[in-house]
Structure formats: C-alpha cells, structure tokens
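Notes to accompany the following structure.
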Amino acid sequence: MRYSETFIPTLRDDPADAEVVSHKLMVRAGMIRKVAAGVYNYLPLGWRVIGKVEQIVREEMTRGGAQELRMPAVQPAELWQESGRWGVYGKELLRMSDRHGRDFCIGPTHEEIITDLVRGEVRSYKQLPLNLYQIQTKFRDEIRPRFGLMRGREFIMKDGYSFDADEAGAEATYRRMEEAYHRIFARMGLDFRAVEADSGQIGGSFSHEFMVLAATGEDDVVSCTTCDYAANSEKATSRVSPPEERETPALKTVDTPGVHSVEEVAEFLKTSPDRLIKTLIFDTGTEGDGRFVAVLIRGDREVNEVKLVNTLGADGERLTLAANPDIERITGGAVGFSGPVGLKGVRVVADRSVADLTDAVTGANQADRHHTHVLPGRDFPLGETADLDTARAGDGCPRCATGKLVIQRGIEVGHIFKLGTKYSEAMQATFLDPQGKKQPFVMGCYGIGIGRTAAASIEQNHDGNGILWPMAIAPAHVVLIGMNMKSEAVRDTAERLYVELRKRGVEVLFDDRAERAGVKLTDFELLGIPLALLVGDRGVEKGSLELKERKDGSTTEVPMDDVVDRVADKVREALGGHGG
RNA sequence: CGGGGCGUGGCGCAGUCAGGUAGCGCACCUGCUUUGGGAGCAGGGUGUCGGAGGUUCAAAUCCUCUCGCCCCGACCA
C-alpha cells in the first residue's frame, strides 16, 4: 500500500461523540466512520484489521473441525415463529415486511436458519457430527448502542452451530470450540479470561464467555485469586459464611417506629445486618396466580436478578419490583415491613443464605413492627431455596477453600453455549439413530464479535499517541517512511525496499507522501502499526537505517544490507509461526 | 421508555444568557520558502447556523413542534 494512494483520513482531534479510547482512536486513525447510531463504515485500514481477525478465526475454526458457510441476513418470520422466538425476542429484532406483506427480520443470530437447513438435509447419525459457521453482518436493534464498534447495532459476527448425535458428542464438540477460542484470542495477543456465564436469550444449559480484561468493559468478571474459578457476575456464586449459630428463643414481635432500612433496623434492634431477612416482592409481569413472588435474602446481601429470572423461569424484561399498592395487598402490611412469617397466597423463594440463619429478624407485615428471634423452618416454612445472591469482591471462592473473589471489568468478545435440544425439539429437527429411532440433534452455538474483538484489542493496547496493534491483526506489518521524498537517494532506496519487503511477504504501508517527517511519524504512532522503517538522507549516506518499534518507541540501527531480513524476521517472530 | 446534554464550513469549537452584516483553530486550495517529530509567509471561504413553523423592522440567538447524536438510568428494596 502506498499511503499517498490509500484512503486513510486521519484526524487531529478526538471526535466529539466518542467516549471510549477504542472508538476515538479508530475514528482518528481513519479506520471507521459513523453512518447512524451503532452503524459504521469500515474504511480500508479498519477493514484490513477486520480481515485479519476474521482470518485467524477461520484458521482456528477449521482446526477445531468447523466448516464455513454463508446464511442469509434476511430471514422469514415463519422460522422464528416455529422456534417460538418471534414472540419473545422483543424490540431488538428488526422486523419488516416485503411487498406481499410477509414478515421478515434481519438476523440477529441464526439458530433458526441453520436448524432448518440441517433438519432438511441430515437424516442419519452417520452424517454427524456437523459443525458449521459463518462470518456475517448481524443486526440487533440495541436499546443503547455505544462505544463505537464495542456495541454497535450492525456488527460483524462469527456464529457457529454444531449438531451432535448425543450429549457426549456435543460436549466433545463444545470442548473443541473452547480450545479453538483460547487459540484465537491468544494469537491476537489479548489478555482474556474464559468465564462461566449466564446463557441468556439464546438459551441452553451452560456456557462460557471469553472476556478481554479492560477497564472500559461493560461486564463484571468475578475471579478467584488462587484457583482458576472465573464467572460473569450475572452467574458467579460465592461462599457466604453464616453468622454465628445461636439458640433462637420464641418468636417475638417488637415495635420499630419509623425504622426502615436494613442498617436502621439492625442498629435499632442491636443486631447485625447479616441476621436480617429482607423480603422483596417481585412482579413477574404475567397474568394470573403466579404473578407475584416473595424473595428472601439476608440483609447484607443483594439479589442477583439474572439468577432470579432463571430460577423463576420469568421474562427478564418484565420482571420488576412490585408496586407499593401490590406489596401492601400481598403482605397485608406497610412497604418496608414485609416478612415471610405468616405470608400466604404467594410463592416464596429464599436465597441459600437465609436457610442457615438463626435468631434472625424480619418485618412483621405491619407498619412499624418487626419480628425478632426468627428461625427459618420453625417460624415460617422454608420451601423453595435457590442461589439468588450477588457475588461480591472479597467473598470466598466457591471452588477452592482459601481463595477470595476479585471483580474486574471485561469486554465479552466470544460466547459459547451448549444448547442441547432446545431448538431441535422446538423445530422438530431429528435424525435416525442406529436403532432407527428419531432423535433430536444435540446442538451447540459459538459466537465471536469480530469488530468488538478489534476494539477490545485497542482498549487493551494503546498509549497517549495512538493504537498499539499486535502484529497478528495490525493493518500492516511495517510503515516504510520516506523521511524526505524530495531527496532522490531517499526515494530510490525506499522504492527498492518497498519491492523487496513485499517479496518477502511483509505487509508494507509505504508512506510516500510529500509530508514532513514529523507528520509521518505522528501518523505512524496514531495508526499503531508495530514497526516503522525510517529512510532518510542521513541513513542512506551512512548505509544503515533506523527500525522503530511502536510499542516502546525504541530505535535500532540496521545495516542497509540486513534491513529486509531483519524486518522479515521480526514480523515472523511476532506472528509466532503463523503466516502473514 | 425516563432524565441530562449537544447539533454553527471537512474536523474541533466560540458566538445563544442580553436579537442587529456568521467567527476562531486545524484541515483544504494557490504561490514562494522550508524539509529527521504535527513548518513559515502571502492569498483564497468551501456555511440553507439540524429541520419546520411562529414572534419581530430584524432570529444562530426568543417561543413551539420535530429530527439526529451523545451520556446516565430503566432492581437497589
């Protein structure tokens, strides 16, 4: 690439509408331009980065036994109705109709399409396993797109789907994909963690997210300081030790005038927040008897709503805390004094932390009154219990005995799910097993945000002057800078090196512009290409050129005759055995 | 959807409170000089001030509506 002929519109100032560093730098470096909220143009340099990321993904998916194909972006509503998701996917699904009034959507994901394809073609267990993927533009009408490529509405995703004959096969495929994902993100030089995750809207039995650790991440990653436990905060559990066990005298009701909050109650009754039982009335938003649910949790802990949604089988978008009049009707008392003792006609779910409590305190379902000396199981039935607790930094690790949990921010760049038979059953996608019996496919699905991965790399690798691309996904390996293109000697040397470097498989951005050296060096730093080879009169006369590392700004003198070898070696070394 | 903020040459912004000929920096174009860390001098304006309506002798500025964009929130008892 000759800089003078390439469309690289760099900017001196940060764009006014960008907040995070990857967004600012990708715009400034002339890699992306916004078209609408969450919708971008990918300019030549940005598109090269995307291409590099895609290529690494392809290579490792192939190694993991997957095959690339391509499905349509526009999908008919019927398939979504069949899977049941047309009704539940919500406003994120961009819907439209064609000239005949038939409903379509722009695919946010392709479980329906692939399941339809495979059920139509695969008849026998002998044709399994099958692992298919594509790299394609997706559209999700996000509530709030933001941060450039980190959360776009239109975005490029690698989505893969596997079909196995049984659980064991599906599990093996899942492991192969998990390994492939580790290789993919390691090759890109990212600092990441694979964490246990909630499977959310896609559904299924279990899943892992691949999180790039960065302060601007939108997710909280909970991990153990000593063992390898790591989970999304939506899913994370922790060891919560109960307060000291003690004898519980007979239940007593006491006046607590004007005392509402957990802290106030604990102080007023001379006890600690971890002996309180908070009772929260949730509204699932559905009609009928099961609409309201009372949730019990220890006073010093907080309900994890994602876990609650999963436990209740509720719709996460509809679940809210109940309105005050509803609370008063259900508990028969004032808001702020709810408690499980004598609570009737409503489903009660307790967090595990409540089961261990002795000599506890709860609201009495009357204004300004609480119960003391409450023993779960004795004073109220301890029916349904579940893990509903939000893990916190400093909590004990649930897996090892000694570790403490820490919380870091992470960017979700990949997500793998074991789907089981959720879609194959809903869509009656079956094959014949060796006994000639119909069986539903056991599925998995595997996503990677291509653009988001590029953005995450910048979040993790940048400095005050610009981007620091790892060699593997940089838009070029080296910038060949003609320091003064008016000098004939410089021009001739640079032109010769441009040819020779490319012959050696090095990707060169030849800065042949009639700009001053300072401008070129500044742009080199902004663009973040790992190496710069400086060709100036000084070096040409001396017979040695300067090779500059973007990462630390260091410069080494290389004899003219060795320059091509040296650059080629450095590139090969940085790619770690994977070709350019 | 709720709250807040912002829309003025390509980009970043001032001007809006207090109505009176649309500005600054960068970029861009021409010429000369300069050429190893964002050059200097001289000349050049490329704008329906997001849009529509209203008030006024007069609107970027005041009022109403509308569109777009950004941020926070949409469980925190």
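Each chain gets a letter, A, B and so on, in the order the sequences are listed, and its residues count up from 1. For the numbers below, each heavy atom of this structure counts, side chains included, while hydrogens, waters and symmetry mates do not.
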Exercise for the section: Would you indicate what Arg28(A) reaches in the nucleic acid, counting non-hydrogen atoms under 4.0 angstrom: base, sugar-phosphate, or nothing? Expected result: base
Practice task
Spell out yes or no: do the side chain of Lys548(A) and the base of G36(B) have one donor N/O and one acceptor N/O closer than 3.5 Å?
Solution key: no
Practice task
Establish, for the pair Arg95(A) and Trp80(A), whether the NZ or CZ atom is under 6.0 angstrom from the six-membered ring centre and no further than 45 degrees off its axis.
Solution key: no
Fill in the blank from the handout: Across every strand shown, the nucleotide meeting Watson-Crick or G-U wobble geometry with C28(B) (both distances under 3.5 Å) is G44(B)
Completion exercise
Assert: residue with more 5' nearest nucleotide on RNA chain B, out of Asp14(A) and Arg144(A), is Asp14(A)
Practice task
Mind calculating the distance between CD (Glu19(A)) and P (G73(B)) to the nearest angstrom?
Solution key: 12 Å
Exercise for the section: Would you mind reading off the distance between Leu11(A) atom CG and G12(B) atom C1', rounded to a whole angstrom? Expected result: 9 Å
Under 3.5 Å, which N/O atoms of the protein pair with N/O atoms of nucleotides 27-34 of chain B?
residue : atom : partner   : partner atom : Å
U34(B)  : O2   : Arg516(A) : NH1          : 2.7
U34(B)  : O4   : Lys486(A) : NZ           : 3.1

Practice task
Start with the C-alpha gap between Arg347(A) and Phe292(A), add the side-chain angles, then the distance that decides, and say whether side-chain contact (heavy atoms from CB on, under 4.5 Å) holds.
Solution key: CA-CA 7 Å; Arg347(A) 181 175 172 191; Phe292(A) 295 97; over 6 Å; no
Exercise for the section: Looking at every strand, decide which applies to Val303(A) at a 4.0 Å heavy-atom threshold: base, sugar-phosphate, or nothing. Expected result: base
Pairs under 3.5 angstrom only: tabulate donor-acceptor contacts from the side chains of residues 6-20 of chain A to other protein residues two or more places apart or in another chain.
residue  : atom : partner  : partner atom : Å
Thr6(A)  : OG1  : Arg2(A)  : O            : 2.6
Asp17(A) : OD2  : Lys34(A) : NZ           : 2.5

Handout entry: NZ/NE/NH1/NH2 to OD/OE distance under 4.0 Å, Glu495(A) and Arg491(A)
Key = no
Fill in the blank from the handout: Taken to the nearest whole Å, NZ/Lys24(A) to P/C70(B) is 14 Å
When the side chains of residues 521-536 of chain A are checked against the rest of the protein, which donor-acceptor pairs come out under 3.5 Å, sequence neighbours left out?
residue   : atom : partner   : partner atom : Å
Thr522(A) : OG1  : Gly518(A) : O            : 2.6
Asp523(A) : OD2  : Arg513(A) : NH1          : 3.2
Asp523(A) : OD2  : Arg513(A) : NH2          : 3.0

Practice task
Indicate whether OP1 or OP2 belonging to C72(B) is found under 4.0 Å from a side-chain N or O atom of Arg146(A).
Solution key: yes
Practice task
Mind calculating the distance between CE (Met483(A)) and P (G38(B)) to the nearest angstrom?
Solution key: 11 Å
Handout entry: Of Asp274(A), Asp356(A), Asp395(A), the residue whose pairing with Arg301(A) passes salt bridge (charged side-chain N to carboxylate O under 4.0 Å, His left out)
Key = Asp395(A)
Practice task
Just name whichever nucleotide pairs with A14(B), Watson-Crick or G-U, keeping both distances under 3.5 Å, else none.
Solution key: none
Problem - Comparing Ala36(A) and Asp523(A) on RNA chain B - which has the more 5′ nearest nucleotide - result: Asp523(A)
